[in-house]
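Note that the numbering runs from 1 along the sequence shown for the chain. All heavy atoms count here, side chains included; hydrogens, waters and symmetry mates do not. Model, not experiment: these values are computed from the prediction.
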Amino acid sequence: MALTPQNNEAFLREVDDELRRDQALHVWRRYGKALIAALVVALAAFGAYLFWQYRQEQDAGREGEQLQSAYDALAANDTKAAAGPLATLAQSHREGYRVLAIFTQADVLLQKNDLKGAAAKFASVAQDASVAQPFRDLALIRQTSAEFDTLKPEVIVERMRPLAVAGNPWLGSAGELMAAAYLQQGRRDLAGQVFARIAADAQVPRSLRQRAVQMAGVLDIPPAAPAANEGKTTR
């Protein structure tokens, strides 16, 4: 007896469902263990990532406490108590804590008038390619400031030249060192131009701009008017 159209469609659906079940069973038999293993590996990797993230947060919190304890000791003029935490943090793989610790170590050496030791600390940051460029630039400025009396003026000028430009966040600090080196060379004209550049950059802190205006005036270089963005100040 021939199947009606409805019975025919139902039969085809049953055949199709059975075929799909057979295919799924075949896939499971062939790849089931591999799929389970992949799922276990993925879950283990995700769990390991969560654990690593937790440990990172814990370690960061611990290093933050170490830095605060060092600052508290320094505030109490206890440099010996601060030395241990700072030495540990100076080896941290976290850039921020490492740089802050080394800068603080250098500042302690400056307070002891150990300019050579402080310069070496700053140089270690300035020459570290793994550190962000703004930190390296600031370290180079601090290094140069500590070494200023022992360096030839032309060395200072060349170090500061890339930083003492309009729009650079370190124009004020780098420019003052550069201008001072020009004055050592007797180049009052070039020193005046650098001071005028500092005075004309509204991103430079007001105190540095005012000092630059005074120096430019002494050197007979009239500074240009600062740019419009007066409220934005950086170092």
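A donor-acceptor pair shorter than 3.5 Å cannot be found between the side chains of Gln193 and Asp189. Between the side chains of Gln68 and Asp72, at least one donor N or O lies within less than 3.5 Å of an accepting N or O.
Checking each of Val157, Leu219, Ile156 against Tyr182 for a side-chain contact (heavy atoms from CB on, under 4.5 Å) leaves exactly one that passes, namely Val157. Each of Leu138, Val204, Val165 was evaluated against Trp170; a single residue qualifies, Leu138, per the side-chain contact (heavy atoms from CB on, under 4.5 Å) test. Tested against Glu147, the residues Arg159, Lys121, Lys152 include a single salt bridge (charged side-chain N to carboxylate O under 4.0 Å, His left out) partner, Arg159.
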Go through the steps to decide whether Leu89 and Leu100 satisfy the test side chain to side chain contact (heavy atoms under 4.5 Å, CB included), and finish with yes or no. CA-CA 8 Å; Leu89 291 172; Leu100 283 174; over 6 Å; no
How far apart are the C-alpha atoms of Arg98 and Glu95, what are their side-chain angles, what is the distance that settles it, and do they pass the salt bridge (charged side-chain N to carboxylate O under 4.0 Å, His left out) test? CA-CA 5 Å; Arg98 183 171 75 253; Glu95 177 184 286; 5.1 Å; no
Show, in sequence, the C-alpha distance, side-chain angles and deciding distance for Gln133 and Asp137, and conclude whether the side chain to side chain contact (heavy atoms under 4.5 Å, CB included) test is met. CA-CA 6 Å; Gln133 194 63 47; Asp137 291 343; 2.8 Å; yes
For Met160 and Glu176, run side chain to side chain contact (heavy atoms under 4.5 Å, CB included): C-alpha distance rounded to whole Å, both residues' side-chain angles, the deciding distance at 0.1 Å, then the answer. CA-CA 9 Å; Met160 297 297 101; Glu176 284 194 329; over 6 Å; no
In sequence, state the C-alpha distance, the side-chain angles, and the governing distance for Asp107 and Phe122, and then conclude on side chain to side chain contact (heavy atoms under 4.5 Å, CB included). CA-CA 10 Å; Asp107 286 335; Phe122 289 128; 4.0 Å; yes
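The two residues Ala73 and Ala81 come nearest to each other via the heavy atoms CB-CB, 3.8 Å. Across every non-hydrogen atom of Thr88 and Gln66, the tightest pair is CG2-NE2, 4.1 Å. Pairing each heavy atom of Ala146 with each of Leu110, the nearest pair is CB-CD2, 4.3 Å. Ala181 approaches Phe148 most closely through the heavy-atom pair N-CZ, 4.1 Å. The minimum heavy-atom distance between Ile102 and Ala90, with the atom names listed, is CG1-CB, 3.9 Å. The heavy-atom pair separating Leu171 from Ala166 by the smallest distance is CD2-CA, 4.1 Å.
Note: the hydrophobic cluster containing Val155 also contains Ile141 (ILVMFWY, side chain heavy atoms under 4.5 Å, direct or indirect links). Leu109 and Val99 fall into different hydrophobic clusters, defined by Ile, Leu, Val, Met, Phe, Trp and Tyr side-chain heavy atoms under 4.5 Å apart, directly or through other members.
Atoms CG and CE, on Leu183 and Met178 in that order, are 12.0 Å from each other to the nearest 0.5 Å. Atom OG of Ser124 is separated from atom CD of Gln143 by 9.0 Å, given to the nearest 0.5 angstrom. Once rounded to the nearest 0.5 Å, the distance linking CG of Leu140 with OG of Ser173 reads 12.0 Å. Leu86 contributes atom CG, which lies 7.0 Å from atom CG of Leu67 (distance to the nearest 0.5 angstrom). How far OG1 of Thr104 is from CG of Leu74: 7.0 Å, rounded to the nearest 0.5 Å.
Ring-centre distance between Phe103 and Phe135: not below the 6.0 Å cut-off.
Inter-residue side-chain proximity for Asp114 and Lys116 is flagged as met; some heavy-atom pair is nearer than 4.5 Å. Looking at Leu208 and Pro205, their side chains come closer than 4.5 Å, going by heavy atoms from C-beta outward.
For Arg187, the CZ atom sits in a loose shell: 12 or fewer heavy atoms of surrounding residues, nucleotides or ligands are nearer than 6.0 Å.
Using modelled atom types, no side-chain atom of Asp128 and backbone atom of Arg136 make a donor-acceptor pair closer than 3.5 Å.
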